[in-house]
Amino acid sequence: MGPRARTAIGFAAAALLAATGAAFLPGTASAGTTLGASATEKGRYFGTAVAASRLSDGAYTTILNREFNSVTPENEMKIDATEPQQGQFSYGAAEQIVNHARSRGMSVRGHTLAWHSQQPGWMQNMSGSALRQAMLNHVTQVATHFRGQIVTWDVVNEAFADGSSGARRDSNLQRTGNDWIEAAFRAARAADPGAKLCYNDYNTDNWTQAKTQAVYNMVRDFKSRGVPIDCVGFQSHFNNDSPYVSNYRTTLSSFAALGVDVQVTELDIQGASATTYRSVVEDCLAVARCNGITVWGIRDSDSWRASQTPLLFNSSGQKKAAYDAVLAALNNGTTPTNPPTTTPPTTTPPPTDPPSGSCTATLQDSTRWGDRFNSQVTVSGASSWTVVVSVTPPQKVSATWNGSPSWDGSGNVMTMRSNGSGNVFGFTTMANGNWTRPVVQSCTAS
Ligand code: G2I
């Protein structure tokens, strides 16, 4: 039996275990037939940008709830939305999205804590140390407010200039000093130590371009100096002026080799070429540390570039050819009605894995019942590993799968060791009234 088959059986057994005494049995029939389920089978998530104003549109939420297991608020967590007046925070629309997602077992990417754009008027008018202080306070307040609910934060967005300069983008934030980016990351880590922290940008897809190299050099520098960065987001807004290029996979794997995860964060493709969508998915699957893809909207009519019809569903909510291509690519080229009976070829890891001893474990929320919830942890950077996860008392872990667990005296800290079942393990937590997300404490390669 191949590792993939064992994993599938492990998850089925876990579903049964977790369902014992639960209010209802989670559906398993959708595995491999939706973007989210198919991505999960590959240890990834498949997400979309969501606008709070569309959550009352039934056609929209039907697709959202069926297909996606990660959401990114499209505008609702931006600075102008969350701190419209200095020191007065406004979280209503963001919370609407977070609650919609988390109550359905979807994870949330937070977007974005520090950005030159969509600043509220009061911030646009600031400069120097007052602005630096206001920016750091914003990062701290917002990340603290959502602490434990956000899997990944885009901490800093779009800080590099386009073109051949390789320079930082000029902005009021940049003018507070070149260290504003690392200061923002440190503040975010302090506020929500459990969240994965990303730098996010566009036009960084082509490995040969100056902007890509400039971001790469910053991330390499951050890693060498211990600045807390965990991932890099590639927006991947592809169009005729900024097309998909075949070295995209090289870009993803080169960044991953620095010891960060990589994520496709805002994917849309002018004209929605099925071939290009498929290439993007295949590139992500080929890079072990590419742990998820987010498309920037559901239907073409939801897109910021609606006239380019760049998304996976048409304006009537029907699946486009690009959708079929993405689903097939996630299923390794097979259609959902004809699943593979043999183990598919494993993907080639990037040429340079992280140094021995280090690995990354990413926790994602999965099914939730009335009294318990499942979490899934994806390990990258090592095939043999030890991951320490803690739950918050009075929570208790009631079942695990695809790993060998041991416990500390309190029963709240679980040490999970790989047992040959692959790089994704899971567990069920009895909430006992507390729904705080479990936290990965460490990942050690062994
Ligand atoms: O511009 C595309 C994306 C590039 N990367 C960062 C993303 O945050 C950015 O998203 C877009 C949203 O999709 C748009 O929806 O960011 C735009 C603003 O920079 C958003 O546009 C704004 C309009 O500017 C506002 O006038 C409008 O009120 O959308 C708002 C809500 O529809």
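Both ligands and their constituent atoms are indexed starting at 1 by order of listing.
- Between D179 and R132, at least one side-chain N (NZ, or NE/NH1/NH2) sits under 4.0 Å from a carboxylate O, which counts as a salt bridge.
- For the pair S224 (side chain) and D221 (backbone), a donor-acceptor distance under 3.5 Å is present.
- No donor-acceptor pair under 3.5 Å is formed between the side chain of T204 and the backbone N or O of T212.
- Looking at Q118, Q119, E83 one by one, the single match for side chain to side chain donor-acceptor pair (under 3.5 Å) with K78 turns out to be Q118.
- Checked by atom type and distance alone, the side chain of Q395 pairs as donor or acceptor with a backbone atom of T436 at under 3.5 Å.
- For H145 and F89, the ring centers sit 6.0 Å or farther from each other.
- Enumerated by chain and number, the residues approaching ligand 1 to less than 4.0 Å through a heavy atom are E74, N75, K78, H111, W115, Q118, N157, E158, Q235, H237, E266, W296, W304.
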